[in-house]
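Below is one structure, written out as structure tokens, with a few remarks after it.
Order of the sequence lines fixes the chain letters, A, B, ..., with proteins taken first and strands second; residue numbering starts at 1 for each chain. From a predicted model like this one, the values you see are computed outputs, not experimental measurements.
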Protein chains: 2
Amino acid sequence: MKKIIKQYFNVAVSVDNVVFGFDADGLKVLLISRGSEPFPGSWALPGDLISPEMDLEYSAERVLKQLTGLDQLFMEQIQTFGRVDRHPFGRVFTIAYFALIKVEQYHPQASSWAKDVAWFKVTEIPTLPFDHREILEYARRELKNRIRTQTLVFELLPKYFTLTELQFIHESILEEEFDVRNFRKKTLSSGIIEETGKLQKNVTHRPAKLYRFNASKAKQLDFEGGIL
Amino acid sequence: MKKIIKQYFNVAVSVDNVVFGFDADGLKVLLISRGSEPFPGSWALPGDLISPEMDLEYSAERVLKQLTGLDQLFMEQIQTFGRVDRHPFGRVFTIAYFALIKVEQYHPQASSWAKDVAWFKVTEIPTLPFDHREILEYARRELKNRIRTQTLVFELLPKYFTLTELQFIHESILEEEFDVRNFRKKTLSSGIIEETGKLQKNVTHRPAKLYRFNASKAKQLDFEGGIL
DNA sequence: CAAATATATTGTAAAAAGTACAATAATTAG
DNA sequence: CTAATTATTGTACTTTTTACAATATATTTG
């Protein structure tokens with residue numbers, strides 16, 4: 001028993017969070033500037049070693065909150081990375097999580113050993129330490145899959161949104177373009193998006209109709225997949 | 001630094017393998033009879049603590065080989081489970097993997113601390129220790145997803161197979177039934193299954209045509225999804 | 001106020017895919 | 001030869017997907 005402890009109970013586990021944010025500019029990822037070893041000064045995914053006393057799911061939320069102040073996000077596990085040499089301090093397995101938020105509705109603040117926090121467009125990511133680049137790429141692929149099989153997009157939209165915005169999100173995430181007419185036909189026919197009667201304000205062109213996601217209808221229809 | 005080691009490098013990581021097997025009887029799972037603490041005598045997923053010196057992917061294969069003799073399987077990671085109290089010896093995170101094989105082509109042999117090894121129909125699983133039941137259920141859901149989005153079924157079939165067998169596999173895994181005519185139309189139209197000109201032998205009824213999976217055609221067509 | 005600019009909105013026809021449904025064929029066993 | 005067993009096949013209908021461009025509504029500019 002002592003032997004077992006010595007032999008096996010000597011590794012560490014961390015979580016790394018890929019927080020995707022969306023605004024008019026497109027899809028972004030939240031990174032922190034590391035203020036401690038290893039790789040101080042480097043931009044990295046907000047992640048940290050986790051303490052043995054906490055459940056895994058809760059640890060992911062807690063680490064994110066400690067480093068960025070973000071709380072109460074809907075986080076999903078994506079994959080565990082366990083290459084032997086991925087961390088210079090020793091054997092560290094890391095479990096990657098991802099979350100999706102509206103950039104304008106949250107105000108991340110660097111704290112704990114995070115010296116700064118900032119959004120980066122997914123197309124302009126700086127060099128990342130550890131295997132964070134690999135984790136991020138995996139998360140992007142996974143995001144594409146899940147956006148097609150879960151009703152996730154509405155996490156990225158304000159309560160009232162235009163169909164153009166809805167289409168822009170899909171195009172940004174999936175990195176492909178859709179025909180406007182077909183996109184509208186398909187999304188509206190899903191039955192989970194409804195007109196509000198309201199119109200866009202303060203735009204310098206024809207104002208678009210505002211729609212809203214009908215969550216209870218979605219539940220009632222047992223609607224699961226993405227809307228495309 | 002010393003502090004960090006003491007505070008964080010004191011947990012363990014294990015892998016648990018969900019090996020699905022298929023034969024005329026349907027879908028099965030490979031379990032071992034545990035010959036060591038904790039839960040000796042209990043049937044469980046073949047899994048074990050992993051040593052800090054090995055890459056994660058490789059560990060999964062190695063654990064499986066040690067306990068069951070199975071080697072060279074195509075294994076995929078599914079999910080990590082990290083409830084605080086999931087293991088009585090201390091904090092153990094476990095990373096679940098799954099594999100798919102033809103029952104008749106492998107001959108698992110219990111070794112190391114596994115005292116026995118046996119196939120169990122997925123509908124007749126005994127009580128499992130740890131959170132193995134939860135892991136198994138997760139794996140079954142995941143299998144359904146992946147059978148629809150990856151070209152996995154052929155792992156479960158002999159080189160030459162009948163369309164009836166192909167349909168039976170789908171029905172067993174997805175737990176739903178398909179119309180014979182529509183099933184054949186759809187699978188054949190995928191273009192990745194080809195006639196061999198051969199017929200079933202030694203059957204007591206009209207012999208079925210034997211087909212084969214055309215892997216190079218699949219690659220050429222960049223065929224990715226399941227065939228249903 | 002007319003024209004320019006910018007974005008929003010809408011329909012239709014053709015093709016492809018999915019669905020529902022049952023009779024006939026080929027083999028062995030008796 | 002008959003019964004039993006499983007294999008094989010087609011068609012009409014519905015639904016979904018795809019391709020494609022003209023008109024509408026607002027603001028800004030001259």
Report summary line: With the side chain defined as heavy atoms from C-beta on, A:Thr204 is closest, among D:dG10, C:dT10, D:dT28, to D:dT28
Report summary line: Sorted by position of nearest nucleotide on DNA chain C, 5' first, the leading residue of A:Lys209 and B:Arg206 is A:Lys209
Query raised in the report: For B:Thr162, which contact category applies under a 4.0 Å heavy-atom criterion: base, sugar-phosphate, or nothing?
Result: nothing
Query - Integer-rounded Å distance: C:dA16 P and B:Asn182 CG - result: 19 Å
Report summary line: Assign each of B:Pro207 and A:Leu163 the nucleotide of DNA chain C bearing its closest heavy atom; nearer the 5' end lies the nucleotide of A:Leu163
Query raised in the report: Would you say the side-chain atoms of B:Thr80 pair up with the backbone N or O of B:Ile95, donor to acceptor, closer than 3.5 Å?
Result: no
Query raised in the report: Quick one: is A:Arg181 getting a side-chain N or O under 4.0 Å of the D:dA21 phosphate, OP1 or OP2?
Result: no
Requested in this report: Please name the residue in the list A:Asp16, A:Thr127, A:Thr94 that meets the side-chain hydrogen bond (donor to acceptor under 3.5 Å, both in side chains) test with A:His132.
Outcome: A:Asp16
Query raised in the report: In terms of side-chain heavy atoms, does A:Asp48 have a donor or acceptor partner in A:Trp113 at a distance below 3.5 Å?
Result: yes
Report task. For B:Arg184 and B:Val180, run side-chain contact (heavy atoms from CB on, under 4.5 Å): C-alpha distance rounded to whole Å, both residues' side-chain angles, the deciding distance at 0.1 Å, then the answer. Result -> CA-CA 6 Å; B:Arg184 285 166 177 250; B:Val180 197; 3.6 Å; yes
Query raised in the report: For A:Glu176 and D:dT17, what is the distance between atoms CD and C1' respectively, to the nearest whole Å?
Result: 14 Å
Query raised in the report: Is a donor-acceptor pair below 3.5 Å formed from side chain B:Lys185 to base C:dT19, judging by atom type as modelled?
Result: yes
Query - Within the 6.0 Å centroid threshold, strictly below: B:Tyr138 and B:Phe98 - result: no
Report task. Name the closest nucleotide to the B:Asp179 side chain, picking from C:dA8, C:dT27, C:dC21. Result -> C:dC21
Report summary line: The answer to which of B:Tyr211 and A:Val203 contacts DNA chain D further toward the 5' end, by nearest nucleotide, is B:Tyr211
Query - Options D:dT5, D:dC20, C:dT10, nucleotide nearest the side-chain atoms of B:His205 - result: D:dT5
Query - D:dA7 OP1/OP2 closer than 4.0 Å to side-chain N/O of B:Thr164 - result: yes
Requested in this report: Report yes if a side-chain nitrogen or oxygen of A:Lys186 is closer than 4.0 Å to either non-bridging phosphate oxygen (OP1 or OP2) of D:dT16; otherwise report no.
Outcome: no
Report task. For A:Ser189, report the nucleic acid contact type (base, sugar-phosphate, nothing); a contact means any heavy atom under 4.0 Å. Result -> nothing
